[in-house]
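Notes to accompany the following structure.
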Amino acid sequence: MALDVDGQATVRVSEAAAERPPVRKALPGGQLWLLLPALAFLAIFFAYPLFDVVLRSFRDGQGGFTVQNYEAFFSRAIYIRVLLLTIEIAFLTTVFSLIVGYPLAYVLANSGPTVRSFMMLCVMLPFMTSILVRTYGWMVILRPNGVINTVFAGLGLGEIQLIYNRSGLMIGMVYTMLPYMVLTLYSVMRGIDGRFVAVAQSLGAGRWSAFWRIYFPLSMPGVAGGSLLVFILAAGFYITPRLMGGDRDQMLASIIAYQVDVLLNFNFASAIAVILLVITLACFGLYARVVGLKQLLSSKV
Amino acid sequence: MSHIKDVTGGTPIVLESLWKTYANFVAVSGIDLSVGAGRFCTVLGPSGSGKTTTLMMIAGFVAPTRGRILVSGRDIAALPPQKRNLGVVFQNYALFPHLTVFDNVAFPLIMRRVPQAEIAQRVERMLETVELAGLGGRYPRELSGGQQQRVALARALVFEPRVLLMDEPLGALDKKLRSSLQIELKALQRRLDVTVIYVTHDQEEALTMADQIVVMQGGRIEQNGTPEDLYDRPATAFVAGFMGDTNLVRGVVMAADKDGTLRIDHPTGRRIIARASGFQAGDHVAASLRPECLSIESPDGPEEPENAWDGRIAAVTYLGDAIRYHVAVGENRPTLAETLVVKAARRGTEHRRFSEGDAVRVRWSRSDARVLPPTRADARILPPMQAGGH
Ligand SMILES: Nc1ncnc2c1ncn2[C@@H]1O[C@H](COP(=O)(O)OP(=O)(O)OP(=O)(O)O)[C@@H](O)[C@H]1O
Ligand SMILES: [Mg+2]
C-alpha cells in the first residue's frame, strides 16, 4: 500500500502539479532483467498460493476435478445468506468509514503542522498495536458491565447491548478500517491545489459551493480508492466479526476458518475463498467502470 | 447575490495606505495607488517586492493589516472574495481539472444563478471572444499552455467583472506566444473596457501593455506613472535600471551650482557634468546614461573634453539595425573598471565600426545624463504605526 503519510513530501505539490507531473518513464529494454528478483518474489509468494487455492477449490477428496464444492456452497441457503451478509456488512463498513473518515481526512489535510502531526499520530497509533489488543480494548469499553454501560447506569439510563450484535460489529469494523480510509483520502487531499478553492471563491462561489463543486470532485479518487480498499478488507475480515459480532453476524471468513480449523475441508474452504475473491474483483470491475480505472490506480488529480 | 447587469465598463480602484505585515516582516508597506476606470495598470518589481501580496489583498485572499481598498468608491476590504465581483487570473491558471472548458467558463455564471439558456449563450460568446470556439468540450489537460491561458481569461471575464486582476498570467509561456497574447489581451481589455491590474516582472511586457506602470521595491511603490514617465523620467536609479537598458554610473556630487549644473565625481577619477535640481554637494547619486544616447568616436588629442570618457572596446555585438559596444572605461585603475554600453545606430554602410581592443571615446551631452537618487529609503524597517503621515 503506497500511502503518503509524510506531510513534508507533499507540501510542494501545487508547484509540481503546475509543471505537469512527469510522465512515468519505462525502464529501458536492456535493464528489464533488474525486475526479475521482484517478479520471482511475487510469483512465489503471491501468484503460486493464489493459483493453488483456485486449483484446490476444483478438487474432490481423491484429488480429481469437480465443481461439487461450488455446488455445495450455492445449494445451501445458509451459505447464500452469509454471502449476502458479508457483502452487506462490508458495504455498511465502507459507508460509515467514509462518513467518519472524510471530515477527519479533510481537517488533517487542511490544518497547520502541529494539529496535523497530532492527528496523524492518533490515526496511526492503532496501526502500531496488535489488532487483537485493540479489539479486546473495545470489548472492555462496550461490554454489558463496561465503561459505557457503567456511565449509562450512573445516569439512570438502561443498559444497552453494544456488543455481540450488529452494532458491536459495526463499531469494531469501522474503527479498524478508519485508518485505511483516512490515509487514502489524505494522500489525495494533500495533492489538491489550494488555489482551486481560492479561484472558485473569486469566481463567486461561497465556501459550501467551492467545497461541493470543486474540492469534493477533486477528492473523488481518494473516495473511490479508500472505499474500495475498505470494502475489500472488510469483506475478508475475520477477527473483529468473530469477537465483537453476534452469532448471526458471522461472515464468510469465519466459515472459511471453520472449514479449515474444525472440518479440515481445505477444498471447500478454497472454494469459498475463490468466491470471496470473485466478489472482490467484481467490485473492483464495477468501480473501474463507474470511476474510471485510471483515476483509481493513480491518486493524481 | 444578483448579477449586476448594467456594469460593463471598468471602475476605478484606489488603494489607501495599504499595509501587510507578517509577524515582524513588512511585505507591503503603506501603498497608495489610484487606477482610473478602464485603465491597464501594470505592477512591476523584482521578486519579493510585494506584488502578489498586494494583488491578493485586492482579490480578498490576504487580509490587509491596515488600509482601505476602494472599488467604485466603496471599501471592499472587509468583503469575502466571492462578494467582491473581481475577475482573477493566477499565474498557473488554476483551471478546474475535472471540468470541461465549457464548465470552467460557466462556473462563475452558475454561481450567480444565471438561467441555463443564458449561460450557454454567454459562455459560447466568451469562448469566441478568446478564439476558443469549438473547444468547449475539452478538458484543461487537453489544451496547450496558450489555450489554457485563454480559458482562464474567459472564465475571469465571463461574468463581466468591473476589475480584472492578473498575476503573471503569461509567466509560463514562451516568448513568442507571450508577445502575441500580450497584444490580444490588451485589445480585449480595450474592447471590454475593464480595469486591469496586471502583475509582472518583465519590463518589456509592462511597456507593451500598460497605460500606467507601478514599480514596486521592498514592499513600497518606487514610482507610479505612464510608461513614458518611467522610461524617460525615472524617479530613482532603481527605476531607471528596471525600465530598459541603461548605464548607471554611481558617484558623489562634488559641486552644485545655483543654475542646476552638477559636477559628479566617479571613483575612477572621471567626471560627469549634468543638470539637475534638488541635489547638493556630498549626495550619493547615479547618473543614468541610456546606451542609445551615447556616441562613440576615436579619441582626438590627449585631453578629454566635458562628458567624454576614453576607454577600450571590450565587446561588440551586432543587433541588426544597431551595434552594441561594451567599452571598458576603468583603464587607469583596473580594479575599478567599469563598462559603458553604447548602442550605435547603423547609418548606411559608411558607418565607422570599431572592433575589440580599439581605443575609443564615449561622449554624451549634459542633458542626456539623468541624475537620480539611488533608491527610495527602504521602509521595511519602519513599523506600520510610524508611517501614517509620511
Ligand atoms: N504568508 C507569508 N508569511 C510571511 N511572509 C510572506 C508571506 N507571503 C509572502 N511573504 C513575504 O512577503 C514578500 C512579498 O511577497 P510577494 O509574494 O508579494 O512577492 P512578489 O513581488 O509577488 O514576488 P515574485 O515576483 O517572486 O512573485 C516576500 O518577501 C515574501 O517572502
Ligand atoms: Mg508573485
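Proteins get letters first, then strands, A, B, ... in listed order; numbering begins at 1 in each. Keep in mind it's a predicted model, so treat the numbers as computed, not measured.
For a residue to count as touching a neighbouring chain, one of its non-hydrogen atoms must lie under 4.5 Å from one of that chain's; by this rule A/A210 does not touch chain B. Heavy atoms closer than 4.5 Å to chain A are found in both the backbone and the side chain of B/A94. Looking at B/I110, only its side chain comes within 4.5 Å of chain A, counting heavy atoms on both sides. The parts of A/R213 that come within reach of chain B are both its backbone and its side chain, each placing non-hydrogen atoms under 4.5 angstrom from that chain.
Judged purely by distance below 3.5 Å, without hydrogens or angles, the side chains of A/S219 and A/Y102 pair a donor atom with an acceptor atom. There is no side-chain donor-acceptor pair under 3.5 Å between B/Y198 and B/Q189. A donor atom on one side chain and an acceptor atom on the other are not found under 3.5 Å apart for A/N110 and A/R190.
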With a 3.5 Å cut-off and sequence neighbours excluded, list the donor-acceptor pairs that the side chains of residues 89-101 of chain A form with protein atoms.
| residue | atom | partner | partner atom | Å |
| --- | --- | --- | --- | --- |
| A/T93 | OG1 | A/I89 | O | 2.7 |
| A/T94 | OG1 | A/A90 | O | 2.7 |
| A/S97 | OG | A/T93 | O | 2.7 |

